[in-house]
Engineer: 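Have a look at this one.
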2 protein chains.
Amino acid sequence: MSSDIENKFLKQGGRLTDQRKLIAKVMSESNDHPDVDELHKRVNKLDSKISIATVYRTVKLFEESGIIAKHDFKGNKSRYEQTLKEHHDHLIDINTGEITEFVNKDIEKLQKQVAAKLGYELVDHRLELYGSKIKK
Amino acid sequence: MSSDIENKFLKQGGRLTDQRKLIAKVMSESNDHPDVDELHKRVNKLDSKISIATVYRTVKLFEESGIIAKHDFKGNKSRYEQTLKEHHDHLIDINTGEITEFVNKDIEKLQKQVAAKLGYELVDHRLELYGSKIKK
DNA sequence: ATAATTGCAAATGCTTTGCTTGTGA
DNA sequence: TCACAAGCAAAGCATTTGCAATTAT
């Protein structure tokens, strides 16, 4: 079965190689936010000959096509996730690295207002919360 | 006259070298968000022998002491600013790179609420708006 | 057929570090 | 004095790239 990423990529006229198929598959099946190294490891379980350069190139390609999203959280290398769901932001556990996604429309609205007040149209934003779990 | 940064650093028991004094002075007089390269250039106008390694080391030192803040905006190298004013976030002009600072207590409050709802204590956050100037 | 893609290794860009010499308290 | 800091060049790390061989359409 072909993955979501695969289909989107084809629809955009991308050339589908075996490597790209596998990377698409792995990304599709990932519910976390793997970095390139991790992605490379996962892909290598399916085909040990795929080079990390190809993973870098593919991930960049998918990102430029809007099929996956890149995140640069503090202190980490770039992480990727499929852009399936609606837009969301991230809360990062400073102790474990665990990532929780959240959506908050009120914050979004305020951001737009802030930008407007400063004379800008909001094109993009980055909101990351860093916290530590409250033990009860 | 000694800079704010210099005083804070001394109060923390830091050893004040000529190089650190100069970097502190330059940072104190900077109202923008220079990267290490830019900082090195500015400092070199006062003393052409200061190495970029020292700038890297000093900037890290000041940051760890909470005297200056480091920012990693999308696609750029790390930038620094003195932590004088109250906490603020940044709006980056995607066309010119111009940076505007802003404060929004409502957003802060909501962030804390979001974290709490997810079972976290908010320790830190990153909020950056990317926009393009509205021409009227 | 042939333009695009791969794998490899080398190059890059920013940042850090080992080591020897210099210096602030 | 002497532990710490500076300067230099080399090393590190994530990411990109040139090139020859391979492959999708």
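The figures that follow rest on heavy atoms only: side chains count, while hydrogens, waters and symmetry mates do not. Model, not experiment: these values are computed from the prediction.
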Engineer: Within this structure, what is the OH-to-C1' distance between B:Tyr56 and D:dG7, rounded to whole angstrom?
Structural biologist: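 The answer, rounded to whole Å, is 16 Å.
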Engineer: Under the side chain to side chain donor-acceptor pair (under 3.5 Å) criterion, do B:His33 and B:Glu38 qualify, and how do the steps go?
Structural biologist: CA-CA 9 Å; B:His33 305 70; B:Glu38 177 59 29; over 6 Å; no
Engineer: Check whether the side chains of B:Glu128 and B:His90 place a donor and an acceptor atom closer than 3.5 Å, and report yes or no.
Structural biologist: no
Engineer: Which nucleotide in the set C:dG7, D:dT15, D:dA5 lies at the smallest distance from any side-chain heavy atom of A:Thr54?
Structural biologist: C:dG7
Engineer: Counting only heavy atoms and a strict 4.0 angstrom limit, can you tell me which residues of residues 60-80 of chain A come near DNA chain D?
Structural biologist: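 Contacting residues: A:Lys60, A:Lys77, A:Ser78.
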Engineer: Would you call B:Ser30 and B:Gln82 a side-chain contact if the rule is heavy atoms closer than 4.5 Å?
Structural biologist: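 Heavy-atom side-chain distance check fails, nothing below 4.5 Å.
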Engineer: Any side-chain heavy-atom pair from B:Leu127 and B:Phe102 closer than 4.5 angstrom?
Structural biologist: yes
Engineer: Does a donor on one side chain and an acceptor on the other come within less than 3.5 Å for B:His88 and B:Asn104?
Structural biologist: no
Engineer: Are A:Glu29 and A:Lys25 within salt-bridge range, i.e. N to O under 4.0 Å?
Structural biologist: yes
Engineer: Between A:His40 and A:Ile50 (side chain of the first, backbone of the second, donor and acceptor by atom type, cut-off under 3.5 Å), is there such a pair?
Structural biologist: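 The answer is yes, because a donor-acceptor pair under 3.5 Å joins these two groups.
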Engineer: When the C1' atoms of the five terminal pairs at each end define the local axes, what inter-axis angle does the helix from C:dA1-D:dT25 to C:dA25-D:dT1 show, to 10 degrees?
Structural biologist: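 It comes to 40° between the two terminal axes.
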Engineer: Atom pairs under 3.5 Å, N or O on each side, protein against nucleotides 19-24 of chain D: can you list them with distances?
Structural biologist:
| from | atom 1 | to | atom 2 | distance (Å) |
| --- | --- | --- | --- | --- |
| D:dA24 | N3 | A:Arg15 | NH1 | 3.4 |

Engineer: Pick base, sugar-phosphate or nothing for A:Ile52, based on heavy-atom distances below 4.0 Å to the nucleic acid.
Structural biologist: nothing
Engineer: Are A:Lys41 and A:Val43 packed together at the side-chain level, in the sense that at least one heavy-atom pair is separated by less than 4.5 angstrom?
Structural biologist: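 No, their side chains stay 4.5 Å or more apart.
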Engineer: Side chain of B:Val36, heavy atoms from C-beta onward: which of C:dT15, D:dC8, C:dA9 has the nearest atom to it?
Structural biologist: C:dT15
Engineer: Strictly by modelled atom types, are A:Tyr80 and A:Asp35 linked by a side-chain donor-acceptor pair under 3.5 Å?
Structural biologist: no
